[in-house]
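Reviewing the structure listed below.
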Amino acid sequence: MPQNTQIVLDNRPVGEATVANFKLVTTDTPALAEGQVLVRHHYLSLDPYMRGRMNDSKSYAAAQPLGEVMIGGTVGEVAESRHPKFNVGDKVVGMGGWQTYSVVDANVPGMLRRVDTTHVPLSHYLGAVGMPGVTAWYGLVKIINPKAGETVVISAATGAVGSAFGALAKARGCRVVGIAGGPDKCKYAVEELGFDACVDYKEHADYISLSKALKVACPNGIDGYFENVGGMVLDAVLLRTNAFARIAVCGMIAGYNGAPLPMANPALILVNRLKVEGFIVSEHMEVWPEALAELGTLVGTGKLRPRESVAQGLENAPEAFMGLLKGKNFGKQLVKLV
Ligand SMILES: NC(=O)c1ccc[n+]([C@@H]2O[C@H](COP(=O)([O-])OP(=O)(O)OC[C@H]3O[C@@H](n4cnc5c(N)ncnc54)[C@H](OP(=O)(O)O)[C@@H]3O)[C@@H](O)[C@H]2O)c1
C-alpha cells in the first residue's frame, strides 16, 4: 500500500488562522478490508466553511478534532477496490480530507460517488457541479425564488458559489448584479460570467458609498440577495432592497476570523418586509440531484465556464487556504495533488 501524506489540525487559531495551525505528516495506508476502496486524490477542495471547523465553538457542525486529518471534499480515482461496485480507475468524488489517499467504506451511503468526466472536467465536481454549485442553486431557487425580470445580487460574485449563481440566475431571466473585490474580478464577472453589472466593494470606504454604487447597478432596486460576506456589504444592499425582497444568508466570510459583524440598520427588515433565511446546503440533500443535473448541463453546454485557482501540492494547502480567506483566490480554490 502507498505512503499517505496528510495535513492535520495541530492547534486552534487565536483570531486569524495561520499556517502554523496545521501540521504535515506521513503515514502508511492500511490494507483494505472487505467493502473498502482506496482513492488516490487528484484535487482537494478548499472552502470557507473549514475556517469555522478550526474553532471549538458552538456551530451547526462539530469542530475539527485536533491531530486528525482536516476535513475536505476531494476528487480522484479508485486505486484499489474491495467493493463490487467500484473498479480501479473509476473517477469518484467524496470527502477524503487534506491527504493524498483515503480509504473509504463504500458500503456507507453517500461516502463515494462515481462521476462522469466526458463533458465535465473532474475538478468541477468540487465547484460548479458540486457542493458550491448546489449551494448557489438552493439559495436562488428555494429562498430567493426569482421571477424573470427581477434583480438579484450576490457578494463574492466571482467565487465558486458566485459564478454558479450568475449562470443559474441568468437562465431564469433575472438582472444579475455581482459584488466583488477589485477591478479584475468585476471585469471578469461581466465579460466572462455574464453578470449584467458588478460593483467593486473595495472602491468604497463605507456602506453609504457602496449603496450609491448599487443604486446605479440596480436601477429597479434589489428583489433578491445572496449573502456570502456580511458587514458593510450587507448594510449597503439592505438600503437598496425592494418591498418583499428575499435574502438567502449563505455565508459571512468577513467575520470568519471571529470579529462580530454588527448590522447598521436592521429596521430595514421590517420597513421593507424582507424575508431573511439562513441555510446549510448539506441539510437539503433532497435537492442535490435536480441541482447537479442543471449545473452539469450548464457546464457541459459551455454556459457556465467556472474559473479555478489551483495550488500545487498538499504542502501548499494551508497557504492557499489563508489566501481564500483574504480573497486572493480568483474562482474555485483547489489544490492539485497528482
Ligand atoms: N451555507 C452553506 O451551506 C454554504 C456552502 C458553501 C459555501 N458557503 C459560503 O459561501 C460563501 C462563498 O463560498 P465560496 O466557496 O464560493 O468561496 P469563494 O467565493 O470562492 O472565495 C471566498 C471569497 O470571499 C471573498 N472574501 C474573502 N474574505 C472577505 C472579506 N473579509 N470580506 C469580503 N469578502 C471576502 C473573496 O472574494 P472577493 O475578492 O470578491 O472579496 C474570496 O475570493 C462563503 O461565505 C461560504 O462560507 C455556504
Side-chain angles (χ1 to χ4, degrees), residues 15-17 44-54 59-61 71-73 123-124 126-128 130-140 142-143 153-168 177-189 193 195 198-204 207 210 225-237 247-261 277-285 287-288 291 295 306-311 320-334:
E16 259 190 48
L44 163 69
S45 174
L46 295 179
D47 296 272
Y49 75 83
M50 294 163 173
R51 176 62 189 85
R53 301 288 175 92
M54 292 171 76
S59 183
Y60 59 88
I71 186 175
S123 59
H124 286 3
L126 294 174
M131 184 278 284
V134 180
T135 302
W137 190 97
Y138 187 87
L140 178 72
K142 294 294 180 185
I143 299 178
V153 175
I154 186 164
S155 47
T158 62
V161 174
S163 49
F165 179 93
L168 292 165
V177 175
I179 301 173
D184 290 348
K185 286 188 176 180
C186 280
K187 188 166 181 274
Y188 167 75
L193 293 175
F195 280 74
C198 185
V199 176
D200 176 2
Y201 71 89
K202 290 188 176 167
E203 277 185 2
H204 302 277
Y207 79 94
L210 179 56
Y225 176 50
F226 192 106
E227 174 62 301
N228 280 326
V229 165
M232 167 178 116
V233 176
L234 175 59
D235 288 333
V237 169
I247 301 184
V249 183
C250 171
M252 293 256 167
I253 198 166
Y256 285 4
N257 277 327
L261 290 177
E277 186 174 332
F279 72 100
I280 297 298
V281 70
S282 53
E283 293 176 345
H284 302 280
M285 294 313 289
V287 308
W288 283 55
L295 291 156
R307 183 171 170 148
E308 297 172 335
S309 281
V310 184
F321 183 54
M322 301 303 117
L324 171 77
L325 297 174
K326 292 194 166 74
K328 287 190 185 153
N329 64 310
F330 196 154
K332 172 68 205 163
Q333 182 67 57
L334 299 167

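For this chain, numbers begin at 1 and follow the sequence in order. We count ligands from 1, going down the list as the structure has it; atoms in each ligand are counted the same way.
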Point to revise | Residue list, salt bridge (Lys or Arg N to Asp or Glu O under 4.0 Å) with K202, at least two apart or on another chain | key: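 Result, salt bridge (Lys or Arg N to Asp or Glu O under 4.0 Å) vs K202: none returned.
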Exercise for review: Could you tell me which residues satisfy salt bridge (Lys or Arg N to Asp or Glu O under 4.0 Å) with E203, sequence neighbours excluded, listed by chain and number?
Suggested key: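 So E203 forms no salt bridge (Lys or Arg N to Asp or Glu O under 4.0 Å) with any residue.
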**Study point:** Contacts of type side-chain contact (heavy atoms from CB on, under 4.5 Å), residue T135, not counting sequence neighbours
**Key:**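 Partners of T135 by the side-chain contact (heavy atoms from CB on, under 4.5 Å) criterion, ordered by chain and then number, come out as M131, V161, F226, C250, F279, V281.
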Review point. Would you say N329 and L46 make side-chain contact, with heavy atoms under 4.5 Å?
Key: no
Review point. Would you say the side chain of N257 lies within less than 4.5 Å of the side chain of R51, judging by non-hydrogen atoms?
Key: yes
**Study point:** Atom-level proximity to ligand 1, residues with heavy atom under 4.0 Å
**Key:**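 Contacts of ligand 1 under 4.0 Å: P48, M131, T135, A156, G159, A160, V161, A180, G181, K185, Y201, N228, V229, C250, G251, M252, I253, A254, Y256, F279, I280, V281, L324, L325, G327, N329, G331.
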Check your understanding: Are any side-chain N or O atoms of E308 and backbone N or O atoms of K332, one a donor and one an acceptor, separated by less than 3.5 Å?
Key ->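 The answer is no, because no donor-acceptor pair under 3.5 Å joins these two groups.
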